[in-house]
Amino acid sequence: MAIAVASSTLFHFLPASSDPPYEILQTHPSLALLSKCKSIKYLKQVHSQFIKFGLHNTKFALSKLVEFCAVSPYGDFSYALSIFNSIHDPNHVLYNMMIRGYSLSSFPYIALHYYVNMLLFGLQPNSYTFPFLLKSCTKLRVACVGKQVHGHVFKFGLENDVFVHTSLVNMYAQQSNLDDARLVFDKSDFRDAVSFTALITGYISGGRVDDARDLFDAIPVRDVVSWNAMLSGYAQTGQFDQALNLFQEMREAKVTPDVSTLLTVLSACAHLGAIDIGNWVRSWIEEHGLGSNLRLTNALIDMYAKCGNLKLAETFFDGLQEKDLVSWNVMIGGYTHTSNYKDALRIFHLMQRNNVEPNDVTFLNLIPACAQLGSLDLGKWIHAYISRHYNDFPNDSLWNSLINMYAKSGNIEAANQIFYGMKTKNLASWNVMISGLAMHGSANSAFEVFSEMRKEGFQPDEVTFVSLLSASCHAGLVDLGRQCFKSMVQDYHITPQLQHYGCMIDLLGRAGLFDEAMAMIEEMKFEPDGAIWGSLLGACRVHKNLKLGEHVAKQLFKLEPDNPGAYVLLSNIYAGAGRWDDVARIRTFLNDNGMKKVPGSTSIEVDTIVHEFLVSDRSHPATPEIYKMLDEIDRLLAIAGHVPDTSEVNYDVDEEWKEDVLCQHSEKLAIAFGLISTRPGTTLRIAKNLRVCGNCHSATKLISKIFKREIIARDRSRFHHFKDGLCSCKDYW
DNA sequence: CTAGGGTTAG
């Protein structure tokens with residue numbers, strides 16, 4: 001039934017009347033309607049009901065209306081104002097409601113104005129007034145106003161009210177005035193979970209998580225909110241293991257978790273890879289009918305993805321009828337975090353087809369995938385999009401990420417352009433630029449950028465030095481590396497970390513300075529990790545140092561018994577020395593233990609599509625044409641005098657087969673595909689997941705000359721820029 | 001008519 005909508009003029013200047021008995025009002029049927037109100041239109045109908053029943057000029061009904069309009073998310077503040085303004089003599093309840101409404105608004109100072117008016121009209125504030133007023137003061141963040149209101153609490157003798165007391169504690173805690181918060185807190189006899197939690201939150205935001213925990217342990221009766229506050233305190237400070245321990249205690253205490261609890265716990269599981277607790281949370285969610293909660297499902301997707309169960313993550317993702325931006329972003333991020341870059345791109349393309357607008361988080365997850373796959377076309381598209389949308393509100397991380405992407409895609413000029421075009425650079429911008437140059441073997445440029453960085457007043461950190469040392473390493477500049485390491489310690493007071501030693505040992509080993517490299521391992525305070533022994537083993541292979549190689553391999557096996565790469569490297573050293581029995585022994589060992597080498601794969605982007613090739617891959621639709629091109633390449637290589645070196649083949653097989661596998665290494669397949677699918681003269685950009693092998697390196701040099709193509713190849717650790725039969729690494733890698 | 005946590009992804 002449609003009810004005439006009441007205009008606010010109807011109740012202007014109505015004579016004040018005394019309310020009917022409270023009991024009658026409280027059970028009046030029109031009040032039940034108010035709680036069901038979901039829109040301002042419906043509210044006006046309820047208002048008409050009040051008029052119909054003659055309640056419209058009772059203070060009780062009016063304060064109910066004002067409360068709803070000022071506080072409910074479906075309310076309308078201007079409607080609250082017009083009602084309040086129509087009342088000649090508002091009582092303290094009506095004033096309280098206005099104060100409450102403004103305490104929730106973006107103009108909390110107006111609450112103070114109403115408080116002053118209330119006093120001017122001779123009304124006494126009561127125990128309900130101060131919690132609202134103090135909330136406004138909290139929002140205002142003006143310490144002296146809060147102090148004055150605190151004074152009024154004493155003036156009106158309300159300091160012993162639980163709610164007022166807690167509001168005071170909360171206000172001081174939120175204003176980072178922990179001393180006063182503690183003072184008020186300690187003075188009172190009634191410390192319940194609420195005031196404890198207010199103080200705990202203050203300690204947490206002040207970084208004093210352990211003090212917060214002491215308080216938490218002292219709470220007589222903990223409720224969900226106090227558990228959640230402590231849990232999120234641990235989560236905020238990255239102590240996810242502590243958060244999960246606390247959650248375990250919470251379960252033992254039989255406290256029912258709410259949505260906030262579950263969100264915090266799922267995020268902790270995602271960070272720690274704690275899939276068991278994650279599974280428990282999942283079944284809890286399903287048993288309690290929370291499966292349709294979008295935020296929880298997003299958190300579940302994130303948790304499963306970060307724990308490595310991408311399949312289940314995507315099942316939940318697919319099951320979502322209504323996906324929001326976060327759903328898409330966690331799915332893309334999940335794939336990026338677990339190095340499934342092609343899938344990250346796949347989800348993004350799906351997102352595009354569903355007409356969902358990406359945001360900066362989408363790109364922060366997507367750009368590393370482009371970088372890793374060398375997907376320069378998509379990267380350029382993102383760059384253009386970002387220039388359009390974020391130029392006025394620069395997001396440093398986005399630009400840094402783009403610099404990294406261009407550098408990793410071999411386009412150092414574009415990286416430079418963004419870098420020097422940035423209005424504000426942060427430390428990460430400098431670091432990412434220096435590391436990009438290091439990857440390209442441009443040690444000189446890397447050190448030039450470093451001195452610019454110093455001139456602009458930036459203090460390098462340990463990351464900067466990793467990049468500088470690796471630049472020295474890729475260029476084989478032993479003296480420069482030594483100087484840099486020394487300067488890091490003496491001039492910049494940075495204690496060398498394992499990574500810094502790693503770069504130095506790599507540099508020294510690669511230069512054949514094995515004694516110095518071993519001395520450095522002895523000297524450092526850390527136990528060498530797999531990467532260090534691995535780089536030294538690689539150096540032993542290059543310098544054919546069998547004796548040290550065997551020793552180093554032994555150390556590596558101890559650390560990483562399941563890493564087939566170490567065995568393959570040693571096998572290569574044996575093969576180089578012609579010790580085929582040892583090669584066979586290793587192969588048998590690997591086969592018996594079911595250890596498979598990480599398959600080499602190379603990707604190349606043609607017309608925005610990334611094509612990925614494995615060794616001897618025949619899955620590509622253009623396989624016949626690719627292999628035809630491969631034959632042509634081999635024919636021309638042979639004419640140019642290229643003889644494959646078979647010593648690098650890992651397994652003891654027939655010479656003929658060896659050469660065959662060599663010719664079908666993934667990079668050669670990618671290059672063959674690039675040659676047949678792009679116009680003559682186009683630069684080919686390929687990205688390999690492992691290190692480039694010697695054969696492919698010398699073959700690619702020749703290919704660049706024979707086919708007159710620049711080939712920019714990225715391997716696991718650096719770039720090779722092939723042109724006119726030469727490589728930018730000067731055959732040193 | 002009242003106070004405390006939570007705004008996800010990087």
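- With B/dC1, B/dG4, B/dT8 as the choices, the nucleotide that has an atom nearest any side-chain atom of A/Val326 turns out to be B/dT8.
- Rounding to whole angstrom units, CZ of residue A/Phe196 and P of B/dG5 are separated by 16 Å.
- The residue A/Ser327 sits apart from the nucleic acid: no heavy atom pair falls under 4.0 Å.
- Within the cation-pi definition used here (under 6.0 Å to the ring centroid, within 45° of the axis), A/Arg251 does not qualify as a partner of A/Trp284.
- In this structure, NZ of A/Lys139 is placed 13 Å from P of B/dA3, rounded to the nearest angstrom.
- Minimum atom distance to the side chain of A/Leu263 is reached by B/dT7, of the listed B/dG5, B/dT7, B/dA9.
- In terms of polar N and O atoms assigned as donor or acceptor, the side chain of A/Ser167 never comes within less than 3.5 Å of the base of B/dA3 in a complementary pairing.
- In this structure, A/Arg295 reaches the bases: a heavy-atom distance under 4.0 Å links it to at least one base atom across the strands shown.
- Looking at heavy-atom distances under 4.0 Å, A/Ala193 makes contact with a base.
- In this structure, A/Val361 reaches the bases: a heavy-atom distance under 4.0 Å links it to at least one base atom across the strands shown.
- Out of B/dT2, B/dT8, B/dG4, the shortest distance to the side chain of A/Val225 is found at B/dG4.
- Going from atom CZ of A/Phe317 over to atom C1' of B/dA9 covers 13 Å, rounded to whole Å.
- The listed nucleotides are B/dG10, B/dG6, B/dT8; the one nearest the side chain of A/Asn298 is B/dT8.
- A/Asn126 comes within 4.0 angstrom of a nucleotide base, judged by non-hydrogen atoms across all strands.
- A/Thr129 contributes atom OG1, which lies 11.5 Å from atom OH of A/Tyr95 (distance to the nearest 0.5 angstrom).
- When heavy atoms are screened at a 4.0 angstrom cut-off, A/Asp161 is found touching no nucleic acid atom at all.
- For A/Lys306 and B/dG10, the shortest distance from a side-chain N or O to OP1 or OP2 is below 4.0 Å.
- Aromatic ring orientation, A/His383 versus A/Tyr406: perpendicular (interplanar angle above 60°, classes split at 30° and 60°).
- In this model, no side-chain donor or acceptor of A/Asn329 finds a partner on the base of B/dG10 within 3.5 Å.
- Under the 4.5 Å side-chain criterion, counting only non-hydrogen atoms from C-beta, A/Tyr341 is not in contact with A/Ser375.
- In this model, no donor atom of one side chain and acceptor atom of the other lie less than 3.5 Å apart for A/Asn170 and A/Ser167.
- B/dG5 atom P lies 13 Å from atom CD1 of A/Ile219, rounded to whole Å.
- Contact annotation: side chain of A/Ser260 to base of B/dG5, donor-acceptor pair present below 3.5 Å.
- Across all strands shown, A/Ser63 has no heavy atoms under 4.0 Å from either base or sugar-phosphate atoms.
- For A/Thr197, whose side chain is taken as the heavy atoms from C-beta onward, the closest listed nucleotide among B/dA3, B/dG5, B/dA9 is B/dG5.
- Comparing B/dG5, B/dA9, B/dC1 by their closest approach to the side chain of A/Ser267 singles out B/dA9.
- OP1 or OP2 of B/dG10 sits under 4.0 Å from a side-chain N or O of A/His337.
- Across all strands, A/Asn170 comes closer than 4.0 Å only to sugar-phosphate atoms, never to a base (heavy-atom distances).
- Using the six-membered ring where Trp is involved, A/Phe316 and A/Tyr304 have ring planes that are parallel, under 30° apart on the 30 and 60° scheme.
- Straight-line distance from the CZ atom of A/Arg191 to the C1' atom of B/dG4: 16 Å, rounded to whole Å.
- No hydrogens or angles were tested; on distance alone, nothing pairs the side chain of A/Asp192 with the base of B/dG4 as donor and acceptor under 3.5 Å.
- A sub-4.0 Å separation between OP1 or OP2 of B/dG10 and a side-chain N or O of A/Ser397 is absent.
- In this structure, the nucleotide among B/dT2, B/dG5, B/dG10 sitting nearest to the side chain of A/Asn365 is B/dG10.
- Atom-to-atom, CG of A/Asp223 to C1' of B/dG5 comes out at 10 Å; the value is rounded to the nearest Å.
- Looking at A/Asp180 and A/Lys147, their side chains come closer than 4.5 Å, going by heavy atoms from C-beta outward.
- Rounding to whole angstrom units, CZ of residue A/Phe68 and P of B/dC1 are separated by 15 Å.
- Side-chain proximity of A/Phe132 to B/dG5, B/dC1, B/dT8: nearest is B/dC1.
- Computed from coordinates, the A/Leu178 CG to B/dG4 P distance equals 17 Å when rounded to whole Å.
- Candidate nucleotides B/dG6, B/dA3, B/dA9 were compared by shortest atom distance to the side chain of A/Pro131, and B/dA3 ranks first.
- Side-chain nitrogen and oxygen atoms of A/Gln174 include none within less than 4.0 Å of the OP1 or OP2 phosphate oxygen of B/dG4.
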